[in-house]
There are 2 protein chains.
Amino acid sequence: MPDKIEENERLKAMNIILNRVGDKWTVMVFGALFDGPVRFNEIQRAIGTISQRMLTLTLRNLERDGLVIRTAYAEIPPRVEYQFSELGKTLIPAMRAIWDWSSLHHNDIITARMAYDSRNDGLKAAAE
Amino acid sequence: MPDKIEENERLKAMNIILNRVGDKWTVMVFGALFDGPVRFNEIQRAIGTISQRMLTLTLRNLERDGLVIRTAYAEIPPRVEYQFSELGKTLIPAMRAIWDWSSLHHNDIITARMAYDSRNDGLKAAAE
DNA sequence: CTGGATCCTGGAGGATACTG
DNA sequence: CAGTATCCTCCAGGATCCAG
């Protein structure tokens with residue numbers, strides 16, 4: 001660690017990014033955008049569990065941060081497509097890394113979690 | 001996208017991981033552990049803004065998921081050290097990727113955000 | 001179809017006090 | 001020092017209705 005203070009500043013400065021990039025819905029939306037422009041409802045269906053409100057907010061934030069481009073077509077019924085901006089594309093590898101690690105070690109986590117819990121249940125049972 | 005259903009399952013299965021890995025405090029704690037074993041209070045001071053309660057909870061969850069190892073030394077006063085497990089170490093590169101991207105594009109986000117806001121303010125002003 | 005505006009609740013998370 | 005226990009606040013986020 002180079003410098004405690006400096007490191008601390010890095011941590012704080014990064015907070016703003018982590019709050020976007022680490023956001024649960026953000027990562028989900030990123031997953032839905034991997035294969036090109038997608039419409040609002042497509043994203044919602046792809047994620048399956050996100051409410052309309054949260055999807056709207058998440059997309060608006062991503063657009064605000066310059067990571068996603070919103071294109072509205074003046075048609076009836078309206079059509080809106082979302083896709084990565086250039087800046088957004090530079091984030092894909094890092095996101096992929098998280099995704100890949102997750103699918104690779106998903107089971108390890110589950111296993112560790114169960115082991116920890118059974119250990120814990122044992123203690124609780126012993127205490128009674 | 002190979003299969004909508006399958007993709008959807010992947011998203012849901014990943015949720016459990018994202019809730020850990022994408023958690024704000026988790027990422028902060030990871031940053032504090034990069035350089036080896038650290039004591040409870042060291043972590044808290046390094047992060048600076050985390051409450052005792054949240055640090056305890058975060059560390060306990062990380063331990064439960066097998067990402068962090070807790071070592072308590074029977075001394076007076078007590079000393080407890082936290083460090084990455086082998087599983088935790090495999091996650092470091094992905095975390096680094098997020099960190100690196102964040103420090104690299106931190107300013108881009110700030111800029112995009114300001115641009116978006118001023119554009120938005122303009123609209124609001126025009127509406128009045 | 002793509003949202004905006006409201007209302008409402010659960011739970012994240014801070015503050016504080018206590019303990020081995 | 002490294003937590004645990006409790007109380008309390010606030011807001012993320014769902015449900016619902018409305019609109020262009």
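Numbers restart at 1 for each chain; the letters A, B, ... are given by sequence-line order, proteins then strands. Note that these values count all heavy atoms, side chains included, but never hydrogens, waters or copies made by symmetry.
Taking the side chain as every heavy atom from C-beta outward, Thr90(B) and His105(A) approach each other to under 4.5 Å. With contacts defined as side-chain heavy-atom distances shorter than 4.5 Å, the pair Ile98(B)/Val27(B) does not qualify. Using a 4.5 Å cut-off on side-chain heavy atoms (C-beta onward), Leu67(B) and Asn61(B) make no contact.
Applying the 4.0 Å criterion to OP1 and OP2 of dT2(C), one finds that Arg79(A) has every side-chain N and O outside that range.
Minimum heavy-atom separation, Gln44(A) to Gln52(A): NE2-N, 3.4 Å.
We find that CG of Leu59(A) is positioned 10 Å from P of dG4(C), with the value rounded to whole Å.
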Sequence neighbours left out, cut at 3.5 Å: what donor-acceptor pairs do the side chains of residues 16-24 of chain B make with other protein atoms?
residue, atom, partner, partner atom, Å
Asn19(B), ND2, Asn15(B), O, 3.1
Asn19(B), ND2, Asn15(B), OD1, 3.2
Arg20(B), NE, Asp65(B), OD2, 2.6
Asp23(B), OD2, Trp25(B), N, 3.2
Asp23(B), OD2, Thr26(B), N, 3.0
Asp23(B), OD2, Thr26(B), OG1, 3.2

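Nearer to the 5' terminus of DNA chain C, by closest-nucleotide assignment, is the contact made by Pro77(A) (compared with the other of Pro77(A) and Thr56(A)).
Legend: ring-ring contact (aromatic ring centres under 6.0 Å, His included) pairs involving residues 63-86 of chain B, not counting sequence neighbours, sorted by first then second residue: Phe30(B)-Phe84(B).
Looking at heavy-atom distances under 4.0 Å, Tyr73(A) makes no contact with the nucleic acid at all.
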Once base and sugar-phosphate atoms are separated, protein heavy atoms under 4.0 Å mark nucleotides 6-20 of chain C, 5' to 3', with B, S and - as B------BBB-B--B
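Protein chain A contacts DNA chain D from dG13(D) to dG20(D), reading 5' to 3' and using non-hydrogen atoms of the protein with a distance under 4.0 Å.
For the side-chain contact (heavy atoms from CB on, under 4.5 Å) test, residues two or more places apart in sequence or in another chain that qualify with Gln83(B) are Pro37(B), Ile69(B), Thr71(B). Scanning for side-chain contact (heavy atoms from CB on, under 4.5 Å) contacts around Arg53(A) gives Ser51(A), Leu57(A), with sequence neighbours left out.
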